[in-house]
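Have a look at the structure below, then the notes.
Scope of the values below: all heavy atoms of this structure, side chains included, with no hydrogens, waters or symmetry mates. Counting starts at 1 for both ligands and their atoms, in listed order.
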Amino acid sequence: MLSKDFWRLVSVSFAALMIGVASSAYALSFCAGALVYILWLHRTLAGLLNWVRDGKTHEPHEPPGVFEEITIEIDYLRERHKKRKKKLAAYLKQFQQATRALPDATVVLDEHGAVQWANEAAARYLGIRWPDDLGQRITNLIRLPKLRDFVRDHTASTALEIPSPTIPNRFLSVLLAPYGAAQWLFVARDVTQLHRANQIRSDFVANVSHELRTPITVFRGYLETLQDQRNLAPPAWLPVLDQLHAHANRMQTLVEELLLLSRLEQDDQVPNPAPVLVSELLSNLVKQARALSGPRDHLFALEADPVLQVTGSESELVSAFSNLIFNAVNYTPAKGLIQIRWYADARGAHFEVQDNGIGIGEEHLERITERFYRVDSSRARGPGGTGLGLAIVKHVLLRHGATLDIRTKLGEGSTFRCDFPPSTIVAQAALPLSRPA
Ligand code: ADP
């Protein structure tokens, strides 16, 4: 094919040479020949451009030679592109049909949380209709404060449970998964059955605890009367009375803590939050911890920002903080050091209890806050320990938007830190106390 172009060029050059010989004006005739050839090339290229733009003609472009070759190549690529586009469109259709049929509500969000696509289940469970709600922020379509925080923080790893905004008494577990360039897949799954099972379990525990409360109180009452008359009891009964008393106390604590946990589980927000001056309640808790330590004579160090206040429930914070402080006493050998801190920094307010006690193995940390979880069945529970303390701490913190951070080394000690977000701080020292080293 190339030869056609070559002969074309040779013919023009030869014609120019002939005219040059005839007219003795070689330079002029070669220039004229080159000009004619360039004009022809320009016209052919313009024709080729029209052919490419037209996009419909499959006939190879004239004239034969390199231009014809180019048109055949372009036509081949164009056809291949068309086939690929068709295939992709078919895949996309299949994918959309599959996601549309998914039982889980699926919504594609852009980086600002605006709806880009949604399936049919999203309309059913969330009331999000595609394409009607295209470009609308999901937090404007579903107005729930906890969902707003969830989407804002892009909490990809944890699921959030919300009530369905469209179907009463339905509960959804929501997950946000990042994909593509700054896009998010918002998936909501119906977990009503699981929610009901949890509710039944929780109600059962609350009801049983409630029913046990009265008999235990009566039982303790009689025991106390008997103990008041110890001098009348045969000496062999005295250790039995003491044991009965200790176990009755333990049962009462257990029932009270189970009831407290049930109450905490009802809602993940404090009902009537108010500013809490933590430093004041910490001084009290340290006094109680000294009493608990008794002859074990632990050393206590308290460093607390005197004006730092967070909004929440004082009684719940007392429960959480006392559990952590009393655990430190219970799991630190006699004369151990227990440091308690309450301070604020740019990340929020922090309550920290550090001990140099027995510590906890890394493998237990994931489950340590589960109710009744035992680090080691051979490890005796601390006096009065029910195995519910850290579960209570976890729930209290959840209701305050706070998190628990545990650092511990077996044999060296543990640090339990409660991190409250800056939004919970209502007052703090003009110069925030820096975290003690
Ligand atoms: P318990 O009533 O048994 O103290 P918790 O829920 O408060 O129950 O704690 C769960 C377990 O975590 C405890 O049984 C104990 O093994 C471990 N633990 C808690 N705090 C500490 C601590 N400061 N040092 C060592 N182990 C701890």
Can you name the atoms of ligand 1, numbered from 1 with element, that are less than 4.0 Å from a heavy atom of D355? 22 (C), 23 (N)
Looking at R371 and E257, is there a salt bridge between them, counting it only when a charged N and a carboxylate O are closer than 4.0 Å? no
Carefully, step by step, assess D419 and R417 under the rule salt bridge (Lys or Arg N to Asp or Glu O under 4.0 Å). CA-CA 6 Å; D419 298 322; R417 198 185 65 222; 2.7 Å; yes
Taking NZ, NE, NH1 and NH2 as the nitrogens, is one of them in R152 or D149 under 4.0 Å from a carboxylate oxygen of the other? yes
What heavy-atom pair brings P421 and H400 nearest, and what distance separates the two atoms? CD-O, 4.1 Å
Atoms of ligand 1 under 4.0 Å from any heavy atom of T386, numbered from 1 in the order shown, are 2 (O)
Is any NZ, NE, NH1 or NH2 atom of the basic residue among E370 and K394 found under 4.0 Å from an Asp or Glu carboxylate oxygen of the other? no
N/O to N/O below 3.5 Å, does that happen between N327 and ligand 1? yes
F416 to ligand 1, any heavy atom closer than 4.0 Å: yes
Where ligand 1 meets V375 - atom numbers and elements under 4.0 angstrom, heavy-atom basis: 12 (O), 16 (O), 17 (C)
Proximal ligand 1 atoms for I360, defined as those under 4.0 Å from one of its heavy atoms: 18 (N), 25 (C), 26 (N), 27 (C)
Is G357 near ligand 1, meaning one of its heavy atoms is under 4.0 Å from it? no
For ligand 1, which atoms sit closer than 4.0 Å to a heavy atom of G389? 5 (P), 6 (O), 7 (O)
Per-atom contacts of ligand 1 with G387, taking only distances under 4.0 Å to non-hydrogen atoms: 1 (P), 2 (O), 3 (O), 6 (O), 8 (O)
Shortest non-hydrogen contact between A105 and L126, atoms and distance: CB-CD1, 3.8 Å
